[in-house]
**Student:** 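One structure, pasted below without further comment.
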Amino acid sequence: MDHPHAGLVVDSWHVFRAGTSLDELRRTLDPATVVGVEVNDADALPQAGRSLFEDTRDNRRYPGEGAQDVVGFFCTMAEIGWSGPWGVEMLSIEHRAKSLADALDAARDTTLRCIRLAEAGLQLG
C-alpha cells in the first residue's frame, strides 16, 4: 500500500475460499499493510446449486462451527505479528434470524472459544 489512508482488511472467509493456505498467508502477508481482520467460518464447500455470492451472504458460520481452520487462522495472524483490531463478520440466514442479544452472544462466545484454543496452541507450540 503506497498511500497513508489505505490498508488491507484480511477476512478469513475470503482467505479460505480463495484456497490460500495458512503457510502461504504467513509467508506473503505483510502485517504493516493490514488495518483490520475479520473472522467467521464456513462449510467446506458452498451448498450445491448456490453461488459463491449466496454462500458469502447467507451461509457463513460462527467461528469454530464450520470446516475452516479458524483457530489456525488466529494463530497465523498472531505469528506474523498482527495485534490490531478483529471483527466478527457474520453473514447468514441463521444469524439474521436471531434476536440481537442472541446473535451478539453467539458471535462473542464462539469467537472467544477459538481465541482461547489459539492461545493454548501458541503456548504449546
Side-chain angles (χ1 to χ4, degrees):
M1 309 290 156
D2 194 23
H3 192 280
H5 301 295
L8 178 66
V9 175
V10 180
D11 184 313
S12 62
W13 186 93
H14 293 280
V15 167
F16 290 114
R17 278 292 186 252
T20 305
S21 71
L22 294 175
D23 186 53
E24 182 181 3
L25 187 67
R26 189 179 297 107
R27 286 190 330 267
T28 60
L29 185 62
D30 177 359
T33 64
V34 179
V35 296
V37 178
E38 294 178 334
V39 66
N40 45 70
D41 210 332
D43 298 330
L45 297 170
Q47 294 176 358
R50 307 279 297 203
S51 70
L52 198 56
F53 174 75
E54 290 169 316
D55 185 55
T56 190
R57 181 193 64 201
D58 295 335
N59 295 313
R60 293 190 191 203
R61 305 285 176 239
Y62 291 105
E65 294 190 350
Q68 296 178 338
D69 185 5
V70 176
V71 172
F73 180 77
F74 275 113
C75 290
T76 298
M77 294 305 296
E79 289 166 3
I80 66 167
W82 176 249
S83 61
W86 290 83
V88 181
E89 186 179 37
M90 274 307 301
L91 301 170
S92 74
I93 293 168
E94 171 193 2
H95 183 71
R96 289 189 294 270
K98 294 180 182 290
S99 70
L100 178 59
D102 289 345
L104 291 172
D105 286 347
R108 179 199 61 224
D109 294 347
T110 57
T111 303
L112 289 176
R113 183 170 45 246
C114 288
I115 289 171
R116 284 192 289 275
L117 289 169
E119 289 172 339
L122 288 169
Q123 291 172 1
L124 293 175

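The residues of the chain are indexed from 1 along the displayed sequence.
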**Student:** Are R60 and D11 ion-paired here, with the side-chain N under 4.0 Å from a carboxylate O?
**Tutor:** yes
**Student:** Is the shortest side-chain heavy-atom distance between D41 and Y62 below 4.5 Å?
**Tutor:** no
**Student:** Taking all non-hydrogen atoms of both residues, which atom of D30 and which atom of T33 are closest, and how far apart?
**Tutor:** O-OG1, 2.7 Å
**Student:** Looking only at non-hydrogen atoms, find the nearest pair between F16 and D69 and report the distance.
**Tutor:** CZ-O, 3.3 Å
**Student:** Starting from V39, can I reach V71 by hopping between I/L/V/M/F/W/Y residues whose side chains sit under 4.5 Å apart?
**Tutor:** no
**Student:** Is there a path of hydrophobic side-chain contacts, each under 4.5 Å between heavy atoms of I/L/V/M/F/W/Y residues, joining V37 to V15?
**Tutor:** yes
**Student:** Any non-hydrogen side-chain atom of D58 less than 4.5 Å from a side-chain atom of Q47?
**Tutor:** no
**Student:** Counting only N and O atoms by type, is there a donor-acceptor contact under 3.5 Å from the side chain of T56 to the main-chain atoms of L52?
**Tutor:** no
**Student:** Taking the side chain as everything from C-beta on, heavy atoms only, tell me whether T110 gets closer than 4.5 Å to R61.
**Tutor:** no
**Student:** Does any non-hydrogen side-chain atom of L112 lie less than 4.5 Å from one of R108?
**Tutor:** yes
**Student:** May I ask you to test the R50-D55 pair for a side-chain heavy-atom distance under 4.5 Å?
**Tutor:** no
**Student:** Run M77 and L25 through side-chain contact (heavy atoms from CB on, under 4.5 Å) and show every step you take.
**Tutor:** CA-CA 9 Å; M77 294 305 296; L25 187 67; 4.1 Å; yes
**Student:** Which atom pair, heavy atoms only, marks the closest approach of R96 to R57?
**Tutor:** NH1-O, 3.1 Å
**Student:** Minimum heavy-atom separation for L22 to G72, with atom names?
**Tutor:** CD1-C, 3.5 Å
**Student:** So which heavy atom on W82 is nearest to which on V35, and how close?
**Tutor:** CH2-C, 3.6 Å
**Student:** State which residues pass salt bridge (Lys or Arg N to Asp or Glu O under 4.0 Å) with D102; sequence neighbours excluded, sorted by chain then number.
**Tutor:** none
**Student:** How many angstroms lie between CD in E119 and SG in C114, if you round to the nearest 0.5 Å?
**Tutor:** 11.5 Å
**Student:** Between R113 and D109, is the closest basic N to carboxylate O distance under 4.0 Å?
**Tutor:** no
**Student:** Cluster partners of I93, using ILVMFWY side-chain heavy atoms under 4.5 angstrom, listed by chain and number?
**Tutor:** none
**Student:** Give the minimum heavy-atom separation between P31 and I80, together with the two atoms involved.
**Tutor:** CG-O, 3.1 Å
**Student:** Are side-chain heavy atoms of F74 and L117 found at a separation under 4.5 Å?
**Tutor:** no
**Student:** Starting from the C-alpha separation in whole Å, work towards a yes-or-no answer on side-chain contact (heavy atoms from CB on, under 4.5 Å) for L8 and L29.
**Tutor:** CA-CA 10 Å; L8 178 66; L29 185 62; 3.6 Å; yes
**Student:** Do H95 and L91 make a side-chain contact, defined as non-hydrogen atoms from C-beta onward lying under 4.5 Å apart?
**Tutor:** no
